[in-house]
**Student:** 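Below you will find the structure I want to go over with you.
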Amino acid sequence: MEFGTQTIQELLAGYRAKNFKPTEVVERYLKNISERDEKLNSFLQVRPEETLKRARTLDAQIDNMSTLPLFGIPLAVKDNFLVNGWQATAGSKVLSGYISPYTATSVERLEAMGAVVVGKVNCDEFAMGSSNENSAFGPVRNPWDLERVPGGSSGGSSAAVAAGLATVSLGTDTGGSIRQPASLCGLVGLKPTYGRVSRYGIVSYASSLDQVGPFSRTVWDSARVMEVMSGFDPRDATSSKRSVPKFTEELNTNSKRTFKLGVSRAWLEGVDSDVAKSFDSALEVFKKMGCEIVEIDLPHTKYALSTYYLIAPSEASSNLARYDGVHYGYRTQSAKSSEELYSRSRGEGIGREVKLRIMLGTYALSAGYYDAFYLKANQVRRKIQEDFEKAFTQCDFVVSPTSPSTAFKLGEKTDDPLKMYLSDIFTLPVNLAGLPGLSMPCGLDSRNLPIGFQLIGKPFGEAELFLASHQYEQARGQFALPSMLKGKG
Ligand code: GLN
């Protein structure tokens, strides 16, 4: 049996039937990584000894696996999460060599329920980017076409699962960094409601927008990771005290509900024709399932990009002040004064795009400009939230393509930041409004590249999101595999 493309559900069934045990599965995944990742560059660190040691302790627990909902599930973790003993570079030279002294709550919860970390994966520096080309450790390539980007910033998380190097992975999403790469790699990606998952132990980018979420092959798998990882954490004051539904059980019990999907045609103007076609045929599938499509208006989404690019850099400029060559990571070799130590360490350690954002944010927050930029952006943010609140009086979900285009070529957008930023036009408003958004594959374009469909839910409406997308997934049938995996089962 070839391991790599199995879902959590399939691996659990295999363990239950004693077809294999965790060490065998983990060994196969580690082998896949060593054989396939040279081409992809998705892994920044693997520790086979540690990983196998952990798998062996699980082998001994196989008879009690029913108490561990993620028993023996290989997990890849974006390199902006802290996992005790593992590196956490956040894709930046400034953090190269940094070893985490503790574990992020999200990862800790998954490990406690049986997940096995197989490696730390590549990402854009400090999660800033949409193509993984801003990583200090080189770009990641898309398993569907090695000349193309996997999306970003969680490009390693998406490429690793798409290529069969992990069953599921974790990413962070500040403006689209889970949903857009999931879309470009043919996976399910969820950005939960702000506050649903603890941010403790992730490297902060823009704290009022950042959320942790899973990449998986199926909606059920995403639901399983979420039911284990979500919920209040005293170590993150913004995490919510709401109870966490048993998402996978709800998928079984509520499987016949129908929903109203809201579409704003004005918002969708300008998407690539293959994407538009595939989006419309997915709507037809929903109609056949008994869902109703209603036209809604989101008049302020046209300001989402400018709003995001004031708020996110402002928060980043403050969060990233700590990388000063004294507290963490990279320190210049050539400073003659403490001021020089700070400026050179930052100057040499931090990459171009991140510097650009720090400057933008510092400017927007400076006295005299604060009201005109940062404050104004927050007022517009509120208007965008209100657009969604109003839309949700008419529909259960707002839907859109996840990204206006499919995977683009490496280098295609690196010279033009605005072009790159436009990749996130459908995902940014969701973070600004704090809502849950799920991307799932809905088709292939003429080049055989995956297209993503996004459902945006009400606050803490993850259970309904899973239900609707699970129903769609069953109507759609199993999604294609990248050609590098064809015939690998
Ligand atoms: N592409 C967006 C940015 O560069 C979003 C990134 C993210 O969600 N982390 O900021």
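This is a predicted model, so every value here is computed, not measured. Values reported hereafter were calculated over all heavy atoms of this structure, with side chains retained and with hydrogens, waters and symmetry mates removed. Every number for a ligand or one of its atoms is a count from 1 in the order of the listing.
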**Student:** Please determine which of Tyr369, Tyr309, Tyr370 meets the ring-ring contact (aromatic ring centres under 6.0 Å, His included) test together with Tyr363.
**Tutor:** Tyr369
**Student:** Which residues satisfy the side chain to side chain donor-acceptor pair (under 3.5 Å) test with Ser273, sequence neighbours excluded?
**Tutor:** none
**Student:** Students should find this: residues with any non-hydrogen atom under 4.0 Å from ligand 1. What is the answer?
**Tutor:**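 Residues near ligand 1: Ala127, Met128, Gly129, Ser130, Ser153, Asp173, Thr174, Gly175, Gly176, Ser177, Tyr205, Tyr308, Tyr309, Arg357, Asp424.
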**Student:** How would you list, by chain and number, every residue that makes a side chain to side chain donor-acceptor pair (under 3.5 Å) with Thr427, sequence neighbours excluded?
**Tutor:** none
**Student:** Are Lys413 and Phe408 in a cation-pi setup, meaning NZ or CZ lies under 6.0 angstrom from the ring centre and within 45 degrees of the ring axis?
**Tutor:**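 Yes; both conditions hold, so Lys413 lies above the ring face of Phe408.
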**Student:** Quick one about Arg381 and Asn431 (side-chain donor to acceptor, distance below 3.5 Å, no hydrogens or angles considered), yes or no?
**Tutor:** no
**Student:** For Glu464, check side chain to side chain donor-acceptor pair (under 3.5 Å) against everything at least two apart and list the hits.
**Tutor:**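 Applying side chain to side chain donor-acceptor pair (under 3.5 Å) to Glu464 gives none.
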